[in-house]
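Notes follow the structure.
Just so you know, these numbers use all the heavy atoms, side chains as well, and skip hydrogens, waters and symmetry mates. Below, chains carry the letters A, B, ... as their sequence lines are ordered, and counting in each starts from 1.
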Amino acid sequence: MIDKTVSSLEEAVAGIFDGATVMIGGFGIAGQPAELIDALIAHGARDLTIVNNNAGNGEIGLAALLRARRVKKIICSFPRQADSQVFDALYHAGEIELELVPQGNLAARIQAAGAGLGAIYTPTGYGTLLAEGKETREIDGRHYVLEYPIRADFALIKAFRGDRWGNLVYRKAARNFGPIMATAATVTIAQVGEVVPLGALDPESIVTPGIFVQRVVAVPGLAQARVA
Amino acid sequence: MIDKTVSSLEEAVAGIFDGATVMIGGFGIAGQPAELIDALIAHGARDLTIVNNNAGNGEIGLAALLRARRVKKIICSFPRQADSQVFDALYHAGEIELELVPQGNLAARIQAAGAGLGAIYTPTGYGTLLAEGKETREIDGRHYVLEYPIRADFALIKAFRGDRWGNLVYRKAARNFGPIMATAATVTIAQVGEVVPLGALDPESIVTPGIFVQRVVAVPGLAQARVA
Amino acid sequence: MNRLNRNQMAARVAQDIPEGAYVNLGIGLPTRVANYLPADREIFLHSENGLLGMGPAPAPGMEDPELMNAGKEPVTLLQGGAFFHHGDSFAMMRGGHLDICVLGAFQVSAGGDLANWHTGAADAIPAVGGAMDLAIGAKQVFVMMEHLSKSGECKIVPFCTYPVTGIGCVDRIYTDLAVIDITAHGLLVREMVDGLDFAELQRLTPVPLTLAATAATTVAA
Amino acid sequence: MNRLNRNQMAARVAQDIPEGAYVNLGIGLPTRVANYLPADREIFLHSENGLLGMGPAPAPGMEDPELMNAGKEPVTLLQGGAFFHHGDSFAMMRGGHLDICVLGAFQVSAGGDLANWHTGAADAIPAVGGAMDLAIGAKQVFVMMEHLSKSGECKIVPFCTYPVTGIGCVDRIYTDLAVIDITAHGLLVREMVDGLDFAELQRLTPVPLTLAATAATTVAA
């Protein structure tokens, strides 16, 4: 019998190695797997490359991981926010590397990794600073930038419900990057508000089929995002 | 008030012009919008380029459109089947053009069109007859073929339920090409087993959001595929 | 002259959004346009974090931390709305499925280049979000901004001096003074606020303007 | 010798599919492998038309025309299975998410090239379906085929003479005579059927073979 559920957050993040690339779901705090991030901090892996839309909010979650000095580089679209003080300080001190990627290119590059494409010609960013030095091509009168897949060793995501085969459904706008990151990581680790019996999720409505998920951990009572 | 439902199949296919590229959903008969195809035959447009996984089964649906000599070219992955006699005869007589595309490249090229990519490097077909004359590139030690988007003027698809905003859900394996074709056509026309009131479809489970659909027509009592 | 305030600018943009349009309203000033959309028009608001059919802010106490807009403010979902992931959301933008997006700007050039993501200051932390995707993706890109910066320089410029967000992507500019189309033949003034004459508008704007034959006076809401 | 029949070949392949594997069984002979998967192993069958967790054929009269496999035969969906569209389905294949696919073949070359989609006959209508995607996508590609063609020619060849489906993509070959791995050092014979000796297998096969130190005798099911 296949059971991808693990019984603790420690077990969920086991094996995340120094220097790993780790995708972390969420758009702000919606969909951010805060408890998995806390477990990753406790786990201790360092020199991580993190892929997330943002670079941490407030002092919890991704911001706490940054503050613990575990992150060498962050690949994101929108680091600067009203409450991104942890990232801001590290960046100004030259203690973190930033690869800034337009949000749609971030999504498309993650999807390209998940779908096995070698590269894509994307319209976004052409003629801007963020395409400097990149190969471009005119196709049917429009200009495109060549962008490469973003893969990860691990993805930490948050879903609403999951089952022992790793099937997942999400809740409202907390879906965001979860489903696409799940496709692009070697090991996808999902925290779910509830583990349900096999067959309880409607096969027409499963958003992430279990093929993309290696570990599921229940974080009960936290179906909604934790507010800082 | 926005109401994308139309009251007849004739109205649903209105405006399909001679020479148009028309995507038709379905994998075999599952998801094939047979009544829309019948309406297209009655409508009379000619010199069509058809995009479908197959090239017609038996004597109905796409096969009937071919037999009516309305199709100049077909872009598909699997024309030859036990019951593809209509296509086979036209092909051997030199009366229809075939662009054979591996099924995954077909899907990826349709998705590229829907997502606004200029081109993609795909691993499928490298080193085969179907990549002859195409640009290739080695990326990270793997070989890829450059493939371009497939767009359409119209898409005819079949869904299970729809609402007046064009939101769609599908049924079982009849989903197949419907959701991706909907994204790649200027005008997507969906036949649905049932039109339901706005709000009746769960926003977490809508597979094709209405932004991708221009016309919805009810074909009552045909929630399942019509068997030849 | 009757310079528009920011709410009046938002109301003016809202007038031009037709029923049935799929629309993304950028973070900041453009978000206010939602407050002025006519109640009798069904308009589909898209939010890049995975919402279509976004509704107004919830009643106090009804906020849901998992139902936010791209600016991370609490919103609602209308009946008939849908949730989807970031890949699908940006396919909607980049694939040309949105009819209109409304963006703020630092500068717009005579050729329709947009600068709205980066001041170019050496110590600034750059952040782009979805701005570059919106700029090149929507069928029509509307910019709303004050005509002049706080220091009095016109934000419509011959060439952008700030780093650009997209090339040749802006279709129409709404300022506190005028509504201006960017056309193949240059900038065409569609409307001016009451009390502003064309010569004065041209004096304030370092790019050649043409007055449309049908030019009208903006009626402030 | 005890040449395997087609059902025995399917049973032999089924032995090598471990619990938890995500597997696509190609149209034709490979489809029979499903009949021999051990009931005590949970194995996830993928069908490229949008199914994961595909179950056996339904009871007569329970067929659903919208629940078919890639060969357009009626199937069922297990509890825990999921439906998805063609884009997602082929992303599973092409993105390397399937552990194993099992394909039929006209020829496999010493370098692991696969030919299974086109006889090359001038008047044949070519049809490829998902064969090229499966060939390059799965982590392991198993081929099952008769060792010799009906006219007695070996289907394991120095170079494919039929048009190829994929280059260097085959990992293991199951024939009615042997189980052979394609390795960086050439073809390694893992198993032979009872009564066949290595010299005879090599005589039938126009490509150098090596006998694995651990080579075993195939036990027919």
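Summarising the local packing, CG of A:D140 is surrounded by 12 or fewer heavy atoms from other residues, nucleotides or ligands at distances under 6.0 Å.
Using a cutoff of 4.0 Å between basic side-chain nitrogens and carboxylate oxygens, A:E35 and A:K158 are not scored as salt-bridged. A salt bridge does not link C:D171 with C:K139: none of the charged nitrogens is closer than 4.0 Å to a carboxylate oxygen. Using a cut-off of 4.0 Å between Lys/Arg side-chain N and Asp/Glu carboxylate O, C:R3 and C:E146 are scored as not salt-bridged. Salt-bridge formation is detected for the pair A:E99/A:K73: a Lys NZ or Arg NE/NH1/NH2 atom is positioned less than 4.0 Å from an Asp or Glu carboxylate oxygen.
Of the atoms belonging to A:A107, it is side-chain heavy atoms, and not backbone ones, that fall under 4.5 Å from chain C. Contact of A:D88 with chain C is made through backbone and side chain together, with heavy-atom distances under 4.5 Å. If you measure heavy-atom distances from C:I125 to chain A, the contacts under 4.5 Å come from both the backbone and the side chain. Within the 4.5 angstrom heavy-atom criterion, only side-chain atoms of A:F87, from C-beta onward, approach chain C. Proximity to chain A (any heavy atom under 4.5 Å) is shown, for C:D113, by neither the backbone nor the side chain. Residue contact with chain C, scored on non-hydrogen atoms closer than 4.5 Å, is absent for A:I110. Heavy atoms closer than 4.5 Å to chain C are found nowhere in A:H143, neither backbone nor side chain. Contact of C:F83 with chain A is made through backbone and side chain together, with heavy-atom distances under 4.5 Å. With a 4.5 angstrom heavy-atom cutoff, C:T165 touches chain A only via backbone atoms. Of the atoms belonging to A:Y91, it is side-chain heavy atoms, and not backbone ones, that fall under 4.5 Å from chain C.
Note: A:R175 leads A:H92, A:Q111, A:R175 in heavy-atom pairs under 4.5 Å with chain C. Among the candidates A:L100, A:N53, A:N54, A:I180, the residue making the largest number of heavy-atom pairs closer than 4.5 Å to chain C is A:L100. Among the candidates C:G166, C:G137, C:P126, C:G130, the residue making the largest number of heavy-atom pairs closer than 4.5 Å to chain A is C:P126. Of the listed residues (A:G104, A:A173, A:G178, A:G125), the one with the most heavy-atom contacts under 4.5 Å to chain C is A:G104. With chain C as partner, the option from A:A108, A:S84, A:P102, A:A55 having the largest number of non-hydrogen pairs under 4.5 angstrom is A:P102.
Separation of the C:Y174 and C:F142 ring centroids falls under the 6.0 Å cut-off. You'll find the ring centres of C:F106 and C:H118 outside the 6.0 Å limit. Ring centroid separation for the pair C:H46 and C:Y22 does not come in under the 6.0 Å cut-off.
Nearest heavy atoms, A:T208 versus A:A182: CG2-CB, 4.0 Å.
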With side-chain contact (heavy atoms from CB on, under 4.5 Å) as the test, would you mind laying out the steps for A:E97 and A:I74 before giving the verdict? CA-CA 6 Å; A:E97 188 184 341; A:I74 189 156; over 6 Å; no

